[in-house]
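Here's the structure, in structure tokens; my notes come after.
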Amino acid sequence: LEFRRVLFRSEWRVVEPKELAASAESVETLLEAIGALAVDEFLDGKQADLREYRLDAPEVRIDVAFRPGLEVQTRTISVSSADGGKKSFFTYSDAPSVFSAAANHVPFLTKGADDLRENKLFAFSHDEIHLVRSTTGDGAPPVEIVASRTDWDVNGKPSDPMFVEELLKDIAGLKASGFPEPATVPADAFKTPFVTLTIVKKGDAKETVTLFVGSETPGKKGPARYAKVGETGDRKS
């Protein structure tokens, strides 16, 4: 796994094993976890005994590239858990010591591409939405929310603006909980969508984005549903 900051865009991207937009929030959380490595005990003179601390083949190895000047400097950090997962040992390239940490940092540093990739379904905020039309697969009448001159109308009637604002925030903030490989998505996952959201953005172009929510599937934190934006991009939400 490799990710790097695109400086001229001020954004993060996963570059290995494949090019993916990265979640700034997830990357910052990982960087905070790296910065949280705190020394509980200095094991001086033990750099030649890395096997004793399972650091010859660490559970986590992280290469961090710094660029304080024109020359990029790289430091390798190695971390392994110990004492039944209650603590950890770590060191880094050219370190004067092996270090013991009072906590197990391995779970917070073990990340794959899917853990760091952008998981927001939409690249816009709620205040960019002009209209949302919701239809369900059970044939129920559609629900349409559209901006009026002052607030919002729901199916042609004035609505509670605070309720609508919260709903639009929830829609714009939808995130994927997983990224299944296309070959694992059932062919009929979207045959009868559970719900379809048609979103029209503000502006003269009236750009339209459609979210399809399909059949149920097991997720990391319980039942989830397949979802896709447009006709591509299958993912769990």
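Each residue takes its place number in the sequence, starting with 1.
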Same apolar cluster: [X] and [Y], side chain cutoff 4.5 Å:
X: L168; Y: F124; answer: yes
X: V60; Y: L31; answer: yes
X: V39; Y: L50; answer: no
X: L37; Y: I62; answer: yes
X: V132; Y: F194; answer: yes

(message) Between R133 and E144, does any NZ, NE, NH1 or NH2 come within less than 4.0 Å of an OD or OE carboxylate oxygen?
(response) yes
(request) Flag the pair E25 and K120 as a salt bridge only when some basic side-chain nitrogen lies within less than 4.0 angstrom of an acidic carboxylate oxygen. (result) no
Closest non-hydrogen atom pair between [X] and [Y], with its separation:
X: V229; Y: L121; answer: CG2-O, 3.6 Å
X: S26; Y: L116; answer: O-CD2, 3.8 Å
X: T110; Y: D115; answer: O-OD2, 4.4 Å
X: A38; Y: F90; answer: O-CE2, 4.0 Å
X: D151; Y: P161; answer: OD1-CB, 3.7 Å

(message) Go through it in stages, so that I can follow the logic: the residues are V146 and H130, the test is side-chain contact (heavy atoms from CB on, under 4.5 Å), and I'd like the CA-CA distance, side-chain angles, deciding distance and then a yes or no.
(response) CA-CA 6 Å; V146 61; H130 169 69; 3.8 Å; yes
Sidechain-backbone polar pair: [X] side chain, [Y] backbone, donor-acceptor under 3.5 Å:
X: S159; Y: W152; answer: yes
X: T217; Y: A224; answer: no
X: S148; Y: D153; answer: no
X: R61; Y: S78; answer: no

(request) Taking the side chain as every heavy atom from C-beta outward, state whether V185 and Y226 have any pair of such atoms under 4.5 Å apart. (result) yes
(message) Just so I know, are the side chains of V64 and T74 near enough to count as touching, which here means a heavy-atom distance under 4.5 Å?
(response) no
(message) Students often mix this up, so state it plainly: with edges at 30° and 60°, are the rings of F99 and Y92 parallel, tilted or perpendicular?
(response) parallel
(message) Please list all pairs meeting salt bridge (charged side-chain N to carboxylate O under 4.0 Å, His left out) that have one or both residues in residues 30-51, counting only residues at least two apart or in different chains.
(response)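 Checked against salt bridge (charged side-chain N to carboxylate O under 4.0 Å, His left out) - neighbours excluded - no pair reaches residues 30-51.
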Nearest 0.5 Å, what's the [atom1]-[atom2] distance between [X] and [Y]?
X: K202; Y: D127; atom1: NZ; atom2: CG; result: 6.0 Å
X: H105; Y: S80; atom1: NE2; atom2: OG; result: 13.0 Å
X: D83; Y: F89; atom1: CG; atom2: CZ; result: 8.0 Å
X: L167; Y: M162; atom1: CG; atom2: CE; result: 13.5 Å
X: L109; Y: E59; atom1: CG; atom2: CD; result: 10.5 Å
X: S81; Y: Y53; atom1: OG; atom2: OH; result: 15.5 Å

(request) Could you walk me through whether V195 and T135 pass side-chain contact (heavy atoms from CB on, under 4.5 Å), step by step? (result) CA-CA 6 Å; V195 65; T135 56; over 6 Å; no
(request) Quickly, which of L211, L197, I171, I145 forms a side chain to side chain contact (heavy atoms under 4.5 Å, CB included) with S134? Name it, please. (result)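 The option that passes is L197.
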(request) Would you mind listing every side-chain hydrogen bond (donor to acceptor under 3.5 Å, both in side chains) that reaches into residues 184-197, with sequence neighbours excluded? (result)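 Of all non-adjacent pairs touching residues 184-197, none passes side-chain hydrogen bond (donor to acceptor under 3.5 Å, both in side chains).
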(request) Would you kindly check if the NZ (Lys) or CZ (Arg) of R117 is within the cone defined by 45 degrees around the ring axis of F179 and under 6.0 Å from the six-membered ring centre? (result)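 Geometry flag: set, cation within 6.0 Å and 45°.
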(message) Looking only at the side chains, is there a donor atom on one of T91 and Q47 sitting less than 3.5 Å from an acceptor on the other?
(response)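 Side-chain D/A pair, T91 to Q47: present.
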(message) With no hydrogens and no angle check, just 3.5 Å: does a side-chain donor-acceptor pair link W12 and E118?
(response) no
Does [atom1] belonging to [X] count more than 12 external heavy atoms closer than 6.0 Å?
X: K206; atom1: NZ; result: yes
X: E181; atom1: CD; result: no
X: F163; atom1: CZ; result: no

(message) Pair I199, L131 - check side-chain contact (heavy atoms from CB on, under 4.5 Å), show working.
(response) CA-CA 6 Å; I199 302 167; L131 176 150; over 6 Å; no
